**Q** 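Just passing along the structure, written as structure tokens.
Nothing here was measured: the structure is a model prediction, and the numbers come from that model. When reading the values below, keep in mind they use all heavy atoms of this one structure, side chains included, and skip hydrogens, waters and symmetry mates.
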Amino acid sequence: MTDDKSGSKSPALQRLSAAARGRAAIALLVAGCLGLVGLAVTGQASVPPGLQFIQVGHWVYNSTSQAAFHVDGSTGQVDARANVPGAEQGSQVVQGERSGYVVERSRITEFSKSTLSVENSVTPPATEQPVVLEVAGGPYLVYRNAGRIARLGDPTATVPAGGPLSTPVATSDGTVWLHRIDTGSICQLPRGATRLACPAELPKGHGGALAVVGDRPVVIDTTADTLHTISGDGLGDSADIGLKLPPTAQVANSAVDGRLAVVDPDRKQLHLIGTAGLEKNGPVARPVSVDLPKEGKIAGPVAASHVVMVVDETRHEVLTYDSKGQLKSSKKLPENGEPPRPALGEDNRIYVDTSDGSRVLVVDGEDGSAAEVSIDDAARNGTADEATTEDPPDSEPLVPGVLSDVVAAATPPGAPRNVKAVAGDGSATVTWGAAANNGARITRYRLSWPGGSTTVDGSASSATVSGLTNGKSYVITVTAENSAGRGSGASAKAVVPGRAAEAPKVTAKAGADGRVSVTWTEPERHGAELVHYLVSASGKGEREVSGQSTEFQGITGTTTITVRAVTRYGPSGSPVLKGNPGKQSVTVPSGPPTVEITGVRGDGNNRLIVSVNADAKGSSATCEARFIEFLSASAACDGPSEIVFNNVFWAGSIKITVNMTTPAGQATDSWTGAPG
């Protein structure tokens with residue numbers, strides 16, 4: 001994806017960006033000089049491209065002192081103070097490389113981390129509490145309900161997502177990953193980009209939650225209970241998670257020692273799901289489940305490198321566990337209004353603030369130990385460095401502005417979704433879901449395959465590819481194009497064109513002892529070579545037959561015989577086609593038939609009517625009646641039936657004989673007397 005950063009900015013954005021560029025860069029060095037590399041929100045990421053500053057520690061806003069305080073997590077000391085008067089209680093403080101930001105619902109105030117003095121303020125893009133991501137290229141504020149992503153790093157920008165979002169995650173290269181709740185789209189905002197690309201999508205109606213595993217984005221489909229990798233080409237490999245999750249499941253930001261933490265708030269359980277199944281041939285470990293306080297309201301989980309933390313908001317208690325589900329620490333915070341608020345620092349520590357900023361609990365990401373830091377004590381004792389008395393030389397007047405949406409140039413579309421192909425006679429019908437347009441209308445879709453290509457209008461979602469060779473395997477790829485260029489392609493599974501053989505004419509005859517003999521005609525094969533026939537009887541499975549007849553045994557009752565030709569175009573080993581089925585139903589009698597003559601009468605019109613009660617035992621049968629040796633009449637009979645002689649004459653007593661035959665045997669009955 002190519003990022004265009006030339007979009008226009010509001011004056012407030014220009015002041016915010018210029019102030020950030022004008023200040024000297026001050027790096028906070030990690031003890032032991034571990035290298036100036038940024039850690040992603042996973043707390044366990046690899047070194048990203050380019051040199052990054054580690055954001056050491058955590059900032060918290062203390063409403064009593066009207067100031068932001070910096071907590072050094074490694075020492076548990078409060079070492080800096082920036083006075084930001086007028087901010088509301090519960091304001092979050094986030095930090096970038098050079099600036100800190102006090103985030104309220106109605107205002108974002110920037111202060112310098114070097115001079116500890118306020119430099120600017122802007123109006124946020126939405127009046128809600130955002131999700132914070134302190135990551136390379138940020139920090140980012142994600143306004144989930146409003147569907148807005150505000151980047152406070154350089155260049156500053158607000159990027160519209162187009163709809164409500166679930167909790168975002170970020171990878172170590174500074175890419176923010178987001179999930180649209182309404183459409184299921186999974187989108188990415190690379191570092192420095194000003195427009196989203198949405199390469200993947202969950203099935204319609206499926207819920208999901210994002211996480212990071214091994215510095216790769218993944219999504220848990222909470223409807224199908226599967227875990228999928230995500231890439232620029234869409235949803236990748238998947239693995240069953242081994243349990244049933246509710247739609248309300250809360251998923252941790254990242255994996256802990258190969259397990260992904262999920263809280264089930266309905267059952268009050270913490271599940272640790274194995275992620276090894278995402279690797280090829282990797283083992284699938286059973287989830288580890290831990291019972292949480294039954295009366296508590298659970299928030300989280302938040303993961304560091306080796307521990308996962310949840311907050312019992314009812315008891316104002318912080319609980320930490322390792323990847324095996326062992327409780328590592330339990331610590332309560334003062335109850336002073338809103339529930340405690342957790343945040344993951346780039347130093348692999350989880351910081352939990354009280355709503356008024358009076359206390360901060362520091363959770364070590366290695367061993368899960370928790371230590372409380374009193375911000376109130378630091379404010380009273382004056383132990384933190386404060387702002388200098390002189391204004392910084394590059395400061396500008398504090399004029400509130402608005403953090404506006406950035407208008408950026410379009411980028412090539414994303415990959416089409418759910419590409420499928422169905423083979424036809426010398427053709428294939430291809431269907432797909434719309435690709436993300438990435439800022440410009442999709443003008444056309446291009447379908448390509450070995451030996452050819454075609455294009456259709458950008459509003460299309462299907463096309464038929466013709467002129468293909470029957471019997472040859474084809475992989476068809478679909479790509480979208482807009483004014484910015486052609487996007488990445490997505491392919492359907494291989495298809496083999498061909499025309500299936502017509503249905504043969506089937507004849508099935510029931511015999512004695514449950515035998516059914518079957519014959520059929522040779523069908524039209526449309527130039528294909530016959531491989532064999534597939535023949536089946538109800539409940540008897542399917543068999544391969546090289547000739548045009550076979551016999552089934554042990555058949556009872558009515559069964560349906562199905563015959564279809566299997567053909568191929570090309571030599572042995574070429575893909576085969578199953579032909580259209582020919583069918584014939586037949587009933588096998590359960591035993592020898594019985595027949596009884598129940599009456600013989602004339603009707604005055606030279607007709608003699610013989611009434612019988614016949615039982616064919618489940619088969620179809622015909623009864624033959626004889627009057628005098630050379631006169632006979634027949635009719636289908638099963639149950640009460642009649643056999644009629646036409647144009648006959650008689651006088652006095654006569655003799656009638658009835659014979660009934662089925663595949664299971666024969667029955668006979670005679671009658672002598674004067675017809676009624």
**Q** Measuring from atom NE2 of H532 to atom CZ of R568, what distance do you get when rounded to the nearest 0.5 angstrom?
**A**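 That separation rounds to 9.5 Å.
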**Q** Could you pull out all residues at least two apart from W432 that satisfy ring-ring contact (aromatic ring centres under 6.0 Å, His included)?
**A**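 Scan of W432 (ring-ring contact (aromatic ring centres under 6.0 Å, His included), adjacent residues dropped) gives Y445.
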**Q** I would like to know whether Y140 and V131 meet side chain to side chain contact (heavy atoms under 4.5 Å, CB included); could you show each step before the answer?
**A** CA-CA 8 Å; Y140 292 89; V131 176; over 6 Å; no
**Q** Quick one about R259 and T275 (side-chain donor to acceptor, distance below 3.5 Å, no hydrogens or angles considered), yes or no?
**A**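 Per modelled atom types, T275 and R259 side chains form no pair under 3.5 Å.
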**Q** Enter the distance from E524:CD to T567:OG1 here, rounded to the nearest 0.5 Å.
**A**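 Spacing of CD (E524) from OG1 (T567) equals 10.5 Å.
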**Q** Can you see whether T431 engages S462 through a side-chain donor-acceptor pair at a distance of less than 3.5 angstrom?
**A**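 Side chains of T431 and S462: no pair found under 3.5 Å.
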**Q** Could you measure the distance from the OG atom of S461 to the CG atom of D457? Nearest 0.5 Å is fine.
**A**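 Taking OG in S461 and CG in D457, the distance rounds to 11.0 Å.
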**Q** Hey, are the side chains of V518 and T507 touching, using non-hydrogen atoms and a 4.5 Å cut-off?
**A**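 No, their side chains stay 4.5 Å or more apart.
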**Q** Return yes if a side-chain donor-acceptor contact under 3.5 Å exists between T477 and S448, otherwise no.
**A**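 Side chains of T477 and S448: no pair found under 3.5 Å.
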**Q** Using a strict threshold of under 4.0 Å (side-chain N to carboxylate O), is an ion pair present between E502 and R499?
**A**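 Between E502 and R499 there is a salt bridge, with a charged N closer than 4.0 Å to a carboxylate O.
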**Q** Identify which one of L141, L344, V142 satisfies the side chain to side chain contact (heavy atoms under 4.5 Å, CB included) criterion when paired with V132.
**A**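 When side chain to side chain contact (heavy atoms under 4.5 Å, CB included) is applied between V132 and each of L141, L344, V142, only L141 qualifies.
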**Q** Could you measure the distance from the CD1 atom of I442 to the CD atom of E481? Nearest 0.5 Å is fine.
**A**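 Separation between the atoms: 10.0 Å.
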**Q** Apply side chain to side chain contact (heavy atoms under 4.5 Å, CB included) to residues L210 and T167 and explain how you reach the verdict.
**A** CA-CA 7 Å; L210 297 173; T167 303; over 6 Å; no
**Q** Which heavy atom of L165 sits nearest to which heavy atom of I181, and what is that distance?
**A**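 Distance-wise, the nearest heavy atoms are O-CD1, 3.3 Å.
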**Q** The test is side chain to side chain contact (heavy atoms under 4.5 Å, CB included); show your working for H271 and L245 and say whether it passes.
**A** CA-CA 10 Å; H271 302 293; L245 292 178; 4.3 Å; yes
**Q** Kindly list each side-chain donor-acceptor pair under 3.5 angstrom involving residues 570-584, sequence neighbours excluded, with atom names and distances?
**A**
| unit_1 | atom_1 | unit_2 | atom_2 | d |
| --- | --- | --- | --- | --- |
| S574 | OG | P571 | O | 2.7 |
| N580 | ND2 | A501 | O | 3.1 |

**Q** Please test Y569 against R525 for side chain to side chain contact (heavy atoms under 4.5 Å, CB included), starting from the C-alpha separation and ending with a verdict.
**A** CA-CA 10 Å; Y569 293 88; R525 301 196 303 269; over 6 Å; no
**Q** Say whether S172 and D215, considering side chains only, have a donor N or O and an acceptor N or O under 3.5 Å apart.
**A**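 Checked: S172/D215 side chains pair up, N/O donor to acceptor below 3.5 Å.
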**Q** Go through it in stages, so that I can follow the logic: the residues are S634 and T622, the test is side chain to side chain donor-acceptor pair (under 3.5 Å), and I'd like the CA-CA distance, side-chain angles, deciding distance and then a yes or no.
**A** CA-CA 7 Å; S634 61; T622 299; over 6 Å; no
**Q** Start with the C-alpha distance between T550 and R543, add both sets of side-chain angles, then the distance that settles side chain to side chain donor-acceptor pair (under 3.5 Å), and finish with yes or no.
**A** CA-CA 10 Å; T550 191; R543 63 178 63 169; 2.8 Å; yes
**Q** Between atom CZ of R486 and atom CZ of R446, what is the distance when rounded to the nearest 0.5 Å?
**A**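 The CZ atom of R486 sits 4.5 Å away from the CZ atom of R446.
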**Q** Hey, is the main chain of G207 close enough, under 3.5 Å, to the side chain of T222 for a donor-acceptor pair?
**A**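 Yes; at least one donor-acceptor contact below 3.5 Å.
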**Q** Only one of I273, D221, T226 forms a side chain to side chain contact (heavy atoms under 4.5 Å, CB included) with I241, so which one is it?
**A**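 Among I273, D221, T226, the one meeting side chain to side chain contact (heavy atoms under 4.5 Å, CB included) with I241 is I273.
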**Q** Look only at the side chain of Q548 and the backbone of T519, and say whether a donor-acceptor pair between them is shorter than 3.5 Å.
**A**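 No, the answer is negative, given that no donor and acceptor are paired below the 3.5 Å cut-off.
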**Q** If I take atom CG from residue D264 and atom CG from residue L270, how far apart are they, to the nearest 0.5 angstrom?
**A**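 So the CG of D264 and the CG of L270 are separated by 10.0 Å.
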